[in-house]
Amino acid sequence: MALLEVTGITKKFGETEVLKGINFELDKGEVLTIIGSSGSGKTTLLRCLNYLETADTGKVVLDGEIIFDGNEKGKIKAEEIRRKRLNLGLVFQSFNLFPHYNVLKNVTVAPTMHAKEKLKEQKKSISRLKGEQKKKAKEELKKRKEEILSGIEKEAKEVLVRVGLGDKLLSYPCELSGGQQQRVAIARALILKPKILCFDEPTSALDPELTGEVLRVIRELKNDGRTMIIVTHEMGFAKSVSDKVIFMSEGVVAEEGTPRKIFDNPENPVTKAFLASAKDSDF
Amino acid sequence: MDFLQVTLYLLDGFKLTCLLFALTLIISLPLGLLISFCTMSKIKPVSYVARVIVWIVRGVPLMLQIFIIYYVPGFFDFNIFAKVDNFFFLNTGMKDMGRFIAVLIAFSVNYACYFSEIFRGGIQSIPVGQYEACAVLGMKRRQTFIHIILPQVIKRIVPPTSNEVITLVKDTALSRVILVSELIMQAEKLMASALIWPLFYSGVFYLVFVGILTLLFNYIEKKLSYYKV
Ligand SMILES: Nc1ncnc2c1ncn2[C@@H]1O[C@H](COP(=O)(O)OP(=O)(O)OP(=O)(O)O)[C@@H](O)[C@H]1O
Ligand SMILES: [Mg+2]
């Protein structure tokens with residue numbers, strides 16, 4: 001069974017049908033790139049997978065768990081969405097780092113919140129205990145809290161070293177280049193250990209000389225066996241990094257296959273036209 | 001009366017000015033945040049009512065609002081502020097508490113409405129990408145607001161807020177219209193004994209107060225300048 005199964009995703013904004021029934025599958029450890037002309041619905045698709053938009057119909061199953069079900073969408077609670085969406089990570093085109101936190105805090109803030117929530121629940125169960133027992137349990141919890149928090153910090157430093165920012169831990173986003181900011185954003189997503197990491201044009205907001213450092217990080221993630229979905233206009237990168245390519249056009253998957261098939265032997269005339277125009281501008 | 005006596009006499013009024021200033025801020029800042037949430041509410045009637053209230057409160061002179069709050073209960077034969085005046089006078093010997101409370105209500109509501117617009121502007125100026133980043137990182141709405149949005153909002157609203165706060169210092173003088181003995185009213189009382197200079201001297205108190213506030217806000221702004229957006 002595939003890790004991710006997406007079936008029949010549709011999405012309308014008002015009267016315009018942006019996604020008209022998207023189907024695809026993705027296996028564990030695979031990299032899927034989504035290409036397609038502007039306005040074809042690539043971003044909308046990623047946003048639906050991450051619950052930033054709610055699709056109208058369709059189903060998303062990840063690792064056997066139903067992430068989205070168009071028939072149940074009214075009933076699902078915010079709390080459940082919050083849990084489900086953590087199965088996926090999303091890196092934005094515009095980084096969206098937290099400007100008031102330094103690099104390290106940008107990465108630790110979310111896992112720290114999650115850990116503290118869990119600890120709070122444990123604290124509640126302790127409050128039922130009495131006397132000596134309670135005191136002991138409290139002390140233990142305090143120790144565990146310190147361990148967990150320092151564990152998160154250690155892990156954050158490790159991921160930041162991995163994306164090549166070990167020397168920028170205390171810098172603020174405004175002091176970093178676009179490429180460095182995007183690598184922080186990648187680290188911030190990685191530390192939550194999503195089963196699938198999504199990228200929406202991770203290099204589109206960068207100066208050309210800065211795209212390389214970000215693409216290199218993504219390539220390393222692939223070598224580590226990470227499952228990823230990448231929306232990109234970097235055709236050369238898409239060709240070399242992906243196991244599978246989807247070409248989207250006007251809200252449908254117009255063609256899909258191995259990068260070889262899509263880039264060297266496209267069948268659909270629309271794909272051919274798109275690649276020809278992409279060649280003019282990108283290469 | 002010599003200089004020292006006049007100073008002490010004016011300080012009596014200045015105490016009330018400071019009290020009104022502090023209490024107004026303590027009430028109107030959180031109330032303003034609440035009103036800003038209401039004006040931005042997705043529930044249409046809530047946002048509509050809140051916007052109308054803000055429009056009225058910002059559209060009518062504060063002086064008139066003081067009159068309205070103080071005198072309108074009397075039309076319904078329920079002169080609450082006079083009753084409070086009496087109550088405090090009989091029980092504690094403090095004078096004019098009812099008047100003071102009436103002024104405090106007028107100021108708090110008025111400033112809350114001004115602050116609410118500043119807050120609304122600040123909150124709406126935070127890019128939607130910040131909320132989306134929080135969402136995909138699995139933060140709750142509360143966590144998002146308190147840890148990510150609010151700190152950035154505070155940085156943005158410090159300059160306009162400091163403006164309002166400084167205006168408030170001087171607006172406190174309006175409370176004399178219902179005979180609350182704040183600084184200027186105290187100075188005016190001295191005119192009965194043919195002393196005019198205390199009236200001008202009272203300006204020094206405001207100047208010093210505003211000077212201290214300016215330094216304070218400069219300090220806060222500097223503290224928050226460790227990052228740019
Ligand atoms: N929130 C929205 N409200 C209304 N229309 C929207 C909204 N978001 C996207 N659209 C429309 O949906 C269509 C697809 O947009 P989308 O951003 O998914 O395209 P894309 O493939 O990511 O394009 P690009 O390559 O330019 O990023 C566009 O026509 C866009 O105008
Ligand atoms: Mg897009």
Side-chain angles (χ1 to χ4, degrees), chain A residues 43 46-47 49-53 78-103 105-117 170-176 181 184-185 187-194 197-200 205, chain B residues 29 33 36-37 40-44 46-47 118-162 216-229:
Chain A
T43 296
L46 277 194
R47 290 172 62 85
L49 293 179
N50 283 278
Y51 264 110
L52 290 177
E53 306 285 355
E79 196 53 27
E80 208 168 331
I81 291 180
R82 199 164 75 86
R83 198 180 53 74
K84 284 181 188 292
R85 75 186 344 158
L86 278 173
N87 285 301
L88 294 113
L90 178 61
V91 173
F92 300 86
Q93 182 176 341
S94 50
F95 330 135
N96 295 342
L97 294 182
F98 306 130
H100 58 305
Y101 287 154
N102 64 26
V103 166
K105 187 95 193 271
N106 260 280
V107 178
T108 57
V109 60
T112 303
M113 280 178 187
H114 300 324
K116 280 186 176 164
E117 261 171 63
L170 301 180
S171 302
Y172 283 88
C174 61
E175 299 162 349
L176 301 180
Q181 289 190 51
V184 177
R188 185 174 71 171
L190 275 178
I191 196 169
L192 294 175
K193 304 187 182 68
L197 187 52
C198 307
F199 296 83
D200 188 10
Chain B
L29 285 168
L33 191 60
S36 77
F37 286 145
M40 292 183 289
S41 172
K42 286 202 185 83
I43 309 163
K44 279 272 138 44
V46 172
S47 106
I118 293 177
F119 296 159
R120 187 171 66 85
I123 291 170
Q124 288 180 339
S125 73
I126 304 298
V128 64
Q130 291 288 306
Y131 292 91
E132 293 184 342
C134 293
V136 297
L137 293 172
M139 294 184 197
K140 295 182 183 181
R141 283 177 56 160
R142 229 182 98 88
Q143 294 168 329
T144 301
F145 187 75
I146 292 175
H147 296 279
I148 307 300
I149 306 302
L150 197 57
Q152 297 182 56
V153 170
I154 288 173
K155 179 183 167 88
R156 289 178 196 214
I157 64 174
V158 165
T161 304
S162 75
L216 179 69
F217 277 110
N218 285 348
Y219 174 77
I220 295 174
E221 257 180 70
K222 210 165 172 186
K223 269 269 161 193
L224 292 175
S225 68
Y226 69 89
Y227 73 92
K228 284 198 283 291
V229 272

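A, B, ... follow the sequence lines: proteins, then strands. Residue 1 opens every chain. None of these values were measured; they are calculated from a predicted model. These values consider heavy atoms only, across backbone and side chains, with no hydrogens, waters or symmetry-generated copies.
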Of the non-hydrogen atoms in [X] and [Y], which two are nearest, and what is the gap between them?
X        : Y        : value
B:Leu137 : A:His114 : O-NE2, 2.9 Å
A:His100 : B:Tyr226 : O-OH, 3.0 Å
A:Leu52  : B:Ala135 : CD2-CB, 4.1 Å

Interface moiety of [X] toward chain B, non-hydrogen atoms closer than 4.5 Å:
X        : answer
A:Tyr51  : neither
A:Arg47  : side chain
A:Leu97  : backbone
A:Leu90  : both
A:Tyr172 : side chain

Interatomic distance, CE@B:Met139 vs CZ@A:Arg82, rounded to 0.5 Å, equals 10.5 Å

Contact leader toward chain A among B:Lys140, B:Arg141, B:Lys228, where contacts are heavy-atom pairs under 4.5 Å: B:Lys140

Looking only at B:Ala133, B:Gly138, B:Pro127, the option with the highest number of non-hydrogen pairs under 4.5 Å against chain A is B:Gly138

Under 4.5 Å from any heavy atom of chain A, what part of B:Gln130 do you find: side chain, backbone, both or neither? both

Check whether B:Lys155 gets within reach of chain A through its side chain, its backbone, both or neither, counting any heavy atom under 4.5 Å. neither

Between A:Tyr101 and B:Ile148, does the side-chain contact (heavy atoms from CB on, under 4.5 Å) criterion hold? Intermediate values first, please. CA-CA 9 Å; A:Tyr101 287 154; B:Ile148 307 300; 3.7 Å; yes

